[in-house]
Amino acid sequence: MESIIITIDGASSTGKSSLAKAIAKHYGFKHIDSGAMYRALTFYAQDHNLLNDHKFNVDMLIAKLPTIDIDFTNADEIRLNGKIIDDEVRSMEVSSKVSLVAKEPLFRQFMVAKQRKFGEKGNVVMDGRDIGSVVFPNATIKFFLEASMKVRINRRYAELIEKGVQVSVEEVHANIAKRDHIDSSREDSPLIVPENAILLSNDKEGLTELLNIATTEIDKHLL
Ligand code: DC
């Protein structure tokens, strides 16, 4: 079988990672959540006092890049300099600042190089914002996942409550709207529907139906 790269792009909380995980499991491929990588860098900046509500020391974070190792365990958990930080990267604190980190071109270059390395051996499902447009423009198959604001708020709220995070629906809504704005209006690699991407909607379909639609499309490429 040829080496396969499947990309899934879309706005936050549309369900990209759940679909990517399910596709990866179906084919025995590796799943890479590229958003978690930007979140890991944001967590690093906050943990090292380079980013808070009042300041963002971009230059210092750039200087630290050579010392920052971001990878995934075999169970797809995100690891920062050897420490698993799956829960930390999902906090509201990280969510509220990650778009500021993700809009800086140097941090994007750092991530894109890592993401291409993760994809080198193929048989990878990667989800994010610019995966089909910038990271792997020649991917085997590209999906773009959409969902209504209501569905996205409900997904994110339920995820946070399950993790024990104290948050209101209004806060979740405000955070998603703010990130949408920054992610789509930034100059470097804004969120777009990649050329040749297949559009999927998470509004009516559940994960099982979405997986069926996606695997039917992917199987056409594998045969
Ligand atoms: O998918 P997510 O919500 O975990 O992504 C977190 C942030 O990272 C999001 O605000 C945009 C950014 N991101 C990006 O700019 N490019 C990617 N490929 C993935 C995420």
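Every number for a ligand or one of its atoms is a count from 1 in the order of the listing. We use all heavy atoms of the structure for the numbers below, so side chains are in, but hydrogens, waters and symmetry mates are not.
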Geometric cation-pi criterion K114 and F118, 6.0 Å radius, 45° cone: no
Value for CD (E146) from CG (D203), rounded to nearest 0.5 Å, stands at 8.5 Å
For R108 and ligand 1, answer yes if some heavy atom of the residue is under 4.0 Å from a ligand atom, otherwise no. yes
Start with the C-alpha gap between E104 and D188, add the side-chain angles, then the distance that decides, and say whether side chain to side chain contact (heavy atoms under 4.5 Å, CB included) holds. CA-CA 8 Å; E104 292 296 329; D188 189 349; over 6 Å; no
Using distance alone, with no hydrogens and no angle criterion, decide if R155 and T14 have a side-chain donor and acceptor under 3.5 Å apart. no
What is the nearest protein non-hydrogen atom to atom 11 (C) of ligand 1, stated with its residue, atom name and distance? D183 OD2, 3.3 Å
So which protein heavy atom does atom 12 (C) of ligand 1 come closest to, and at what separation? A102 CB, 3.6 Å
Protein residue, atom and distance nearest to atom 18 (N) of ligand 1, heavy-atom basis: D130 OD1, 2.8 Å
Where's the contact between I131 and ligand 1, heavy-atom distance under 4.0 Å: side chain, backbone, both or neither? side chain
To which protein heavy atom is atom 8 (O) of ligand 1 closest, and what is the distance rounded to 0.1 Å? Y38 CB, 3.6 Å
Does this structure show an ion pair linking D9 with R129, if we count only N-O contacts that are shorter than 4.0 Å? no
Atom 20 (C) of ligand 1: which protein heavy atom is closest, and how many Å away? G35 CA, 3.5 Å
Considering only protein heavy atoms, which is closest to atom 4 (O) of ligand 1, and at what distance to one decimal place? R39 NE, 2.7 Å
Check this for me: does any side-chain nitrogen of one of E88 and K83 sit under 4.0 Å from a carboxylate oxygen of the other? yes
Counting heavy atoms only, which of V89, L41, V98 comes nearest to atom 7 (C) of ligand 1? V98
Closest heavy-atom approach to atom 17 (C) of ligand 1 among R179, K16, R129, R90 is made by R129
Considering only heavy atoms of S12, which atoms of ligand 1 have at least one such atom less than 4.0 Å away? 3 (O)
Is the shortest side-chain N to carboxylate O distance from D33 to R39 below 4.0 Å? no
Relative to the heavy atoms of S99, which atoms of ligand 1 are at a distance of less than 4.0 Å? 10 (O)
What atoms in ligand 1 come closer than 4.0 Å to a heavy atom of S34? 17 (C), 18 (N), 19 (C)
I'd like to know if the side chain of N175 pairs up with that of S95 as donor and acceptor (distance under 3.5 Å, no hydrogens or angles considered). no
Closest to atom 15 (O) of ligand 1 among R186, Q115, K103 (heavy-atom distance): R186
Please answer: with hydrophobic residues joined when any side-chain heavy atoms are less than 4.5 Å apart, are V193 and I5 in the same cluster? no
